[in-house]
Amino acid sequence: MTDTARTGWWNLLPAGIRGQVDGYVLQDARLQAVRVVREVGRAHGLGLTEAQTVAHDRYLHHGDRIARTPDSPLDLESLAARAAGCPGRVLAIEAVRDGDTTHDWFVDLLAVTAEPTGEQRLVTIYRSTAVRHLGEHEDHGPLHPSAAATRAGTALAARLSVPFHFASPDRPDDQAPRWRP
């Protein structure tokens, strides 16, 4: 795909739409930017892949001006404070691997609670969070979020004297067995 073609896609969009897309990009709202490009660009033959490319190019264009969504803290004190704020008694800490087209693979670290029975998300660990937490020199490849979740989840579970459960650290599996009391 040539730069000229990519610039052409951007130029097909009306000025007002380009302003809206840039507004979403500057707010680090990638999905909304892609959605607008796709909806408006559809009439010009732009599909989802092209809409994602246009949004990506706008991220590159704006660079450091983007108000990035801050990474969640993975330090033990912050996680323990989040767990202490959960309604009900914490029975276990669980990690669940998932993914999407915007964030790639990520891991949700959850507190499984009793009375009320349920789960509370403590943190979502994206690759950028994992790299920051593990250090840039530890190469875990695509398992960065899993490695960070295992390290943080194990430490938190030990602090709370509860089990840590991670059924599928090596690959996403929404059918993997979940922790049950």
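We find the CZ-CD1 distance between Arg97 and Ile125 to be 12.0 Å, quoted to the nearest 0.5 Å. For the atom pair CD of Glu77 and CG of Leu156, the computed distance is 10.5 Å after rounding to the nearest 0.5 Å. Atoms OG and CZ, from Ser72 and Arg121 in turn, are 9.5 Å apart once rounded to the nearest 0.5 Å. Taking CZ from Arg89 and OG1 from Thr117, the interatomic distance works out to 10.0 Å, rounded to the nearest 0.5 Å. One finds the CZ atom of Arg18 at 6.0 Å from the CG atom of Asn11 (value rounded to the nearest 0.5 Å).
Cys86 and Leu122 get closest at one heavy-atom pair: SG-CD2, 4.0 Å. The nearest pair of heavy atoms linking Val25 to Ala33 is CG2-CB, 4.0 Å. Closest non-hydrogen pair, Ala83 versus Val90, comes out as O-CG2, 3.8 Å. Minimum heavy-atom separation, Ala148 to Leu74: CB-CD1, 4.2 Å. Taking both residues in full, the closest heavy atoms of Ala149 and Phe164 are given as O-CZ, 3.8 Å, listed atom of the first, atom of the second, then distance. Summarising the geometry of Pro73 relative to Arg82, their closest heavy-atom pair is CD-NH2, 4.1 Å, with the distance given to 0.1 Å.
Arg178 pairs by the side chain to side chain donor-acceptor pair (under 3.5 Å) definition with Glu94, Glu119, not counting sequence neighbours. Residues passing the side chain to side chain donor-acceptor pair (under 3.5 Å) test with Asp28, sequence neighbours excluded: Tyr59, Thr69. For Gln175, there are no side chain to side chain donor-acceptor pair (under 3.5 Å) partners two or more places apart in sequence or in a different chain. By the salt bridge (Lys or Arg N to Asp or Glu O under 4.0 Å) test, Arg58 is found to be paired with Asp22, residues two or more places apart in sequence or in another chain being considered. The side chain to side chain donor-acceptor pair (under 3.5 Å) test applied to Thr154 returns no partner, not counting sequence neighbours.
Grouping the Ile, Leu, Val, Met, Phe, Trp and Tyr side chains by contacts below 4.5 angstrom, directly or via other members, places Leu109 apart from Leu91. Ile93 and Val112 sit in two unconnected hydrophobic clusters of ILVMFWY residues. Membership requires side-chain heavy atoms under 4.5 Å apart, directly or through other members. When the side chains of ILVMFWY residues are joined at heavy-atom separations under 4.5 Å, either directly or via intervening members, Val107 and Trp179 end up in two distinct hydrophobic clusters. Hydrophobic clustering (side-chain heavy atoms under 4.5 Å, transitive across Ile, Leu, Val, Met, Phe, Trp, Tyr) groups Val162 together with Val123. Taken together through direct or relayed side-chain contacts under 4.5 Å among Ile, Leu, Val, Met, Phe, Trp and Tyr, Trp9 and Leu13 form part of one hydrophobic cluster.
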task = Could you please spell out the steps behind the side-chain contact (heavy atoms from CB on, under 4.5 Å) verdict for Val34 and Leu48?
result = CA-CA 8 Å; Val34 170; Leu48 179 59; 3.9 Å; yes
key: Worked check of salt bridge (Lys or Arg N to Asp or Glu O under 4.0 Å) between Arg42 and Glu50   = CA-CA 10 Å; Arg42 186 177 299 143; Glu50 292 83 10; over 6 Å; no
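Put simply, the side chain of Arg65 never gets that close to the backbone of Leu26: no donor and acceptor are under 3.5 Å apart.
The other residues sharing a hydrophobic cluster with Val96 are Leu110, where clustering joins ILVMFWY side chains under 4.5 Å apart.
Taking 4.5 Å as the limit, every side-chain heavy atom of Arg30 sits out of range of all side-chain heavy atoms of Tyr24.
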